[in-house]
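Values reported hereafter were calculated over all heavy atoms of this structure, with side chains retained and with hydrogens, waters and symmetry mates removed. What you see is a predicted model; the values in this text were computed from it and never measured. Whatever order the structure lists ligands and atoms in, that order sets their numbers, starting from 1.
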Amino acid sequence: MLFKQQAWLRQKLLVLGSLAVGSLLYLVARVGSLDRLQPICPIEGRFGARSQAEFPLRALQFKRGLLHEFRKGNTSKDQVSLHDLVQQLPKAIIIGVRKGGTRALLEMLNLHPAVVKASQEIHFFDNDENYAKGIEWYRKKMPFSYPQQITIEKSPAYFITEEVPERIYKMNSSIKLLIIVREPTTRAISDYTQVLEGKERKNKTYYKFEKLAIDPNTCEVNTKYKAVRTSIYTKHLERWLKYFPIEQFHVVDGDRLITEPLPELQLVEKFLNLPPRISQYNLYFNATRGFYCLRFNIIFNKCLAGSKGRIHPEVDPSVITKLRKFFHPFNQKFYQITGRTLNWP
Ligand code: A3P
């Protein structure tokens with residue numbers, strides 16, 4: 001009898017204990033997510049001069065939670081009064097550069113309660129077939145958001161595709177354009193590494209980087225090689241400047257985004273006229289990945305996929321030197337045009 005009573009008591013204590021731990025965890029998580037919302041201040045400036053009451057960030061954060069549940073299919077639109085959800089055209093686009101850190105930038109900006117990302121690369125402006133489907137097709141590809149939020153998409157091919165600046169201009173001549181760049185030679189090697197991985201997956205052989213980057217006949221840098229051409233940032237930017245003034249661009253230092261993401265993100269918040277909401281709390285270094293990962297609150301965090309942060313093949317140092325020398329004058333011009341000097345060799 002005594003043994004039975006003890007067992008019953010132990011079971012009760014276990015249930016109560018679990019409840020207490022569960023409640024505690026919930027409270028901690030809640031406080032963690034509320035933490036980033038203080039103090040509440042308005043989003044103002046470029047996205048329209050609106051009253052403070054129209055941009056309560058706390059409400060946006062709350063709604064974002066509902067939006068998340070809605071997207072996961074955990075609730076219906078009516079249940080959570082999401083009737084004011086809209087699919088908005090982007091107010092800012094990450095136009096490139098491929099392998100510059102475009103995914104990391106988009107995901108990190110998405111930590112901001114007023115930002116909603118288009119998860120997929122839409123390739124509307126660079127793909128003739130998609131472009132022919134019209135702007136409504138593009139808008140329908142955008143995620144649901146609240147009118148006070150801004151949608152951001154990224155398609156790195158935009159930066160290097162001839163027709164894109166004019167097409168984006170036709171959609172919105174005052175759109176904000178983000179370009180994330182890395183030291184050009186490193187970017188070219190990263191680009192090569194991605195293509196190489198694709199070839200290896202298909203069991204195809206592929207040339208070494210050195211063979212592609214250097215013309216064997218002249219021993220000069222091979223400007224026909226796409227990975228090299230893409231890294232001549234100034235050439236591409238000049239085409240964009242025929243349509244947009246330089247003030248509409250913001251250059252993100254992709255190398256610094258890897259080692260010190262917060263200051264880079266704060267510059268972007270400023271450029272987008274968003275109140276500073278991304279904090280050190282949202283970014284933590286993951287030693288296993290070797291990169292910063294994202295923390296939404298005490299429970300939800302994520303690192304980028306394994307395809308981001310590949311190990312690069314070793315490249316002949318003389319080829320690296322040659323490439324760096326080649327890019328140098330283009331880099332100087334890029335700094336001069338953009339007003340952002342990066343410490344590239
Ligand atoms: P590597 O694979 O060469 O290291 P993109 O998204 O434009 O394709 O860029 C990919 C690059 O983003 C990666 O290039 C990686 O270095 C960089 N990156 C920047 N921040 C990162 C992060 N937090 N996690 C993973 N990769 C990151």
Per-atom contacts of ligand 1 with I258, taking only distances under 4.0 Å to non-hydrogen atoms:
16 (O), 18 (N), 19 (C), 20 (N)

State if P156 counts as touching ligand 1 under the rule of any non-hydrogen atom under 4.0 Å.
no

Should you measure from each heavy atom of H312, which atoms of ligand 1 turn up under 4.0 Å away?
1 (P), 3 (O), 4 (O)

Ionic contact status for K133 with E129, cut-off 4.0 Å:
no

Assert yes or no for the condition that the ring centre distance of F327 to W344 is strictly below 6.0 Å.
no

Any carboxylate oxygen within less than 4.0 angstrom of a Lys/Arg side-chain nitrogen, looking at R182 and D255?
yes

State whether the shortest distance between N or O atoms of R182 and N or O atoms of ligand 1 falls below 3.5 angstrom.
yes

Under 4.0 Å from any heavy atom of M108, which atoms of ligand 1 are there?
23 (N)

Report the part of E121 (side chain from C-beta onward, or backbone N, CA, C, O) that has a heavy atom under 4.0 Å from ligand 1; answer both or neither where that applies.
neither

Passes side chain to side chain contact (heavy atoms under 4.5 Å, CB included), Y284 versus Y292? Steps please.
CA-CA 5 Å; Y284 66 97; Y292 275 88; 5.6 Å; no

Heavy-atom side-chain proximity of K117 to L109 below 4.5 angstrom
no

Using a 3.5 Å cut-off on N or O atoms only, is L257 in polar contact with ligand 1?
no

Pull out every atom of ligand 1 sitting under 4.0 Å from any heavy atom of A104, numbered as shown with elements.
19 (C), 20 (N), 21 (C)

Between S145 and Q88, is there a side-chain donor-acceptor contact under 3.5 Å, judged purely by atom types and distance?
yes

One thing to verify: whether E200 and K204 come together as a salt bridge, which I'm taking to mean a side-chain N less than 4.0 angstrom from a carboxylate O.
no

Out of Y192, F285, F291, the nearest non-hydrogen contact to atom 27 (C) of ligand 1 is supplied by F291

Just checking, K176 and F271: is the charged tip under 6.0 Å from the six-membered ring centre and within 45° of the axis?
yes

With a cut-off of 4.0 Å, which atoms of ligand 1 are near a heavy atom of Y292?
22 (C), 23 (N)

Give the atoms of ligand 1, by number and element, whose distance to some non-hydrogen atom of G100 is under 4.0 Å.
7 (O), 9 (O)

Between K302 and E107, is there a side-chain N and carboxylate O pair less than 4.0 Å apart?
yes

Would you please determine whether Q194 falls within less than 4.0 Å of ligand 1 on a heavy-atom basis?
no

Would you mind listing which atoms of ligand 1 come within a distance below 4.0 Å of any non-hydrogen atom of R103?
6 (O)

Output yes when E197 and R201 qualify as a salt bridge under the 4.0 Å nitrogen-oxygen rule, no when they do not.
yes

Please confirm whether R187 comes under 4.0 Å of ligand 1, counting heavy atoms of the residue only.
no

Based purely on interatomic distance, does R310 place a nitrogen or oxygen under 3.5 Å from a nitrogen or oxygen of ligand 1?
yes

Side chains of N331 and H328 only: does a donor on one sit below 3.5 Å from an acceptor on the other?
no

What is the nearest protein non-hydrogen atom to atom 12 (O) of ligand 1, stated with its residue, atom name and distance?
G101 CA, 3.4 Å

Starting from atom 13 (C) of ligand 1, which protein heavy atom do you reach first, and at what distance in Å?
G309 N, 3.6 Å

